[in-house]
2 protein chains.
Amino acid sequence: MAFSAKTEYGIVSLVELAAIYEQGGVLQVAEIAHRQSIPDRYLEQMLTSLRRARILRSIRGPKGGYQLARPPAEITIADVVNCLEGDQSARAAASRDTPEFDVLAALQEQLDQAHAAILSGTSLQDLLEQRDQRIQAQAMYFI
Amino acid sequence: MAFSAKTEYGIVSLVELAAIYEQGGVLQVAEIAHRQSIPDRYLEQMLTSLRRARILRSIRGPKGGYQLARPPAEITIADVVNCLEGDQSARAAASRDTPEFDVLAALQEQLDQAHAAILSGTSLQDLLEQRDQRIQAQAMYFI
DNA sequence: CCGGATCCCCATCGATGTAGTTGGGACTAC
DNA sequence: GTAGTCCCAACTACATCGATGGGGATCCGG
């Protein structure tokens with residue numbers, strides 16, 4: 001199951017911000033966008049949504065930028081996905097009223113729960129650690 | 001995560017057909033469509049796809065219709081979803097080449113596997129049994 | 001206090017995909 | 001040979017997604 005571009009862009013940006021959370025630094029939209037090859041005016045919208053959801057904090061003016069609103073271990077991917085994917089109102093589950101559609105709905109429920117379990121069991125901290133391991137592994141090749 | 005209408009319509013139709021598989025009966029497109037409140041000319045397309053994937057068999061002429069090509073226990077929901085959802089060619093996973101996108105891809109892989117495990121672990125037989133239980137339970141209320 | 005850097009808000013656009021419709025043709029039981 | 005059924009393929013309407021654009025608000029450095 002694929003994430004939308006919105007969600008992907010949001011997650012990678014948050015991982016970048018998680019990496020500098022300890023130092024209390026900030027990153028600007030343009031900088032993240034450039035490093036990740038994302039259209040900057042588009043990324044702006046995602047970061048705005050994340051700010052409104054209290055996942056990010058923003059600082060305006062020169063030397064401004066974004067930073068995480070709380071430690072990476074306390075932000076789950078489920079939070080991010082809910083913010084960026086669920087933004088556009090409620091999806092109506094107008095299942096037809098037959099037993100066949102009912103069992104189908106039960107199956108969908110099962111899928112949703114498995115999905116949710118993974119997403120809320122993964123924090124930005126987890127992704128950050130995986131990222132660092134990858135970077136370490138990559139560095140090995142150059143020795 | 002939501003199924004497309006195509007997939008939903010296909011699954012409920014197959015559950016109906018599974019219910020009469022033992023007796024070797026057939027159901028016509030129009031009949032299924034009417035019982036499930038699905039546009040019949042649209043449902044036709046799904047059943048055609050399922051026939052081409054060797055999941056259904058069809059019989060033409062008056063008294064014709066569709067029936068399962070093999071026992072319901074040997075048809076998984078994964079088969080059906082692959083047929084109806086994956087029809088339109090390959091989805092390119094052109095992940096950007098940064099460590100952040102890499103860990104994201106790993107997460108997606110994890111989700112896909114959980115998804116696939118459920119879908120290939122559920123057969124039409126399973127759904128049929130759930131449906132019959134529901135119908136039984138419903139009948140209780142009328143006593 | 002001014003100028004530039006940066007975030008902020010909202011409208012718009014084009015491409016793609018989804019759900020559904022339509023118009024026929026082929027096969028078969030009677 | 002006719003009616004009932006499946007078969008094939010094009011077409012449309014609409015929503016969504018990814019992206020772009022025009023201004024505005026805020027803030028720091030000089």
Side-chain angles (χ1 to χ4, degrees), chain A residues 1-13 17 25-34 36-67 69 81 84-92 94-96, chain B residues 1-13 17 25-34 36-67 69 81 84-92 94-96:
Chain A
M1 218 304 116
F3 291 129
S4 67
K6 266 198 208 324
T7 305
E8 293 200 353
Y9 296 167
I11 293 174
V12 298
S13 300
L17 289 166
V26 300
L27 282 179
Q28 292 148 13
V29 176
E31 193 172 351
I32 301 174
H34 177 253
Q36 301 292 338
S37 306
I38 298 171
D40 57 349
R41 297 301 307 274
Y42 189 42
L43 180 59
E44 212 177 286
Q45 296 174 40
M46 277 112 258
L47 299 190
T48 297
S49 296
L50 291 167
R51 177 183 52 80
R52 287 202 253 252
R54 309 295 179 105
I55 292 170
L56 285 182
R57 198 166 347 120
S58 67
I59 296 151
R60 304 222 267 192
K63 284 286 163 189
Y66 287 92
Q67 56 190 188
V81 170
L84 295 173
E85 211 123 284
D87 56 348
Q88 39 151 96
S89 70
R91 284 78 162 38
S95 286
R96 264 68 152 200
Chain B
M1 218 307 114
F3 290 129
S4 67
K6 265 199 206 328
T7 306
E8 293 202 353
Y9 297 167
I11 293 174
V12 298
S13 300
L17 289 165
V26 300
L27 283 178
Q28 292 148 16
V29 177
E31 193 172 351
I32 300 173
H34 177 252
Q36 301 292 339
S37 306
I38 299 171
D40 56 348
R41 295 301 305 274
Y42 189 41
L43 180 58
E44 212 177 287
Q45 296 175 40
M46 278 112 258
L47 299 191
T48 297
S49 296
L50 291 167
R51 176 182 52 80
R52 287 202 252 251
R54 309 295 179 105
I55 292 170
L56 285 182
R57 199 168 342 124
S58 67
I59 296 152
R60 305 222 267 192
K63 285 286 164 189
Y66 287 92
Q67 55 190 188
V81 170
L84 294 173
E85 212 123 285
D87 56 349
Q88 38 149 100
S89 70
R91 282 79 163 34
S95 285
R96 264 68 151 197

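Naming: A, B, ... by sequence-line order, numbering from 1 per chain. Side chains included, hydrogens not; waters and symmetry mates left out as well; all remaining heavy atoms used.
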Expected list for residues 55-62 of chain A near DNA chain C, using heavy atoms below 4.0 Å, is A/S58, A/I59, A/R60, A/G61, A/P62
Ranking A/A5 and B/R51 by the position along DNA chain D of their nearest nucleotide, the one closer to 5' is B/R51
Locate the shortest heavy-atom distance separating A/P39 from A/A33; write the atom from each residue and the value. C-CB, 4.5 Å
Look at the side-chain N and O atoms of B/R52 and state whether any lies under 4.0 Å from the OP1 or OP2 oxygen of D/dC8. yes
Would you jot down, in residue-number order, the residues of residues 39-47 of chain B having a non-hydrogen atom under 4.0 Å from DNA chain C? B/P39, B/R41, B/Y42, B/Q45
Can you list everything that forms a salt bridge (Lys or Arg N to Asp or Glu O under 4.0 Å) with B/R41? Sequence neighbours excluded, please. B/E44
Restricting to non-hydrogen atoms, name the atom on A/T7 and the atom on A/F3 that form the minimum distance, rounded to 0.1 Å. CG2-CD2, 3.8 Å
From B/S13 atom OG to B/I32 atom CD1, the distance as rounded to the nearest 0.5 Å: 4.5 Å
Specify the closest pair of heavy atoms between A/Q67 and A/L17, including all atoms of both residues, with the distance to one decimal. CA-CD2, 4.3 Å
B/S58 versus B/R51, closest heavy-atom pair with distance: OG-CD, 3.3 Å
Can you name the nearest heavy-atom pair linking A/Q36 to B/R96, along with the distance? O-CG, 3.6 Å
Tell me the closest heavy-atom pair linking A/K6 and A/M46, and the distance in Å. O-CG, 3.6 Å
Please give, in whole Å, the distance from D/dG29 C1' to A/K63 NZ? 12 Å
Using whole Å, report how far CG of A/L27 lies from P of C/dA5. 19 Å
Roughly how many Å is it from CD in A/E8 to P in D/dC17, rounded to a whole number? 14 Å
To the nearest angstrom, the CD-P distance between B/Q28 and C/dA29 comes to 14 Å
Rounded at 0.5 Å granularity, tell me how far CD1 in A/I59 sits from CD in A/Q28. 10.0 Å
Quick check on D/dC7: is either OP1 or OP2 less than 4.0 Å from any side-chain nitrogen or oxygen of B/Y66? yes
Distance check needed: C/dT6 P versus A/Q67 CD, whole Å only. 15 Å
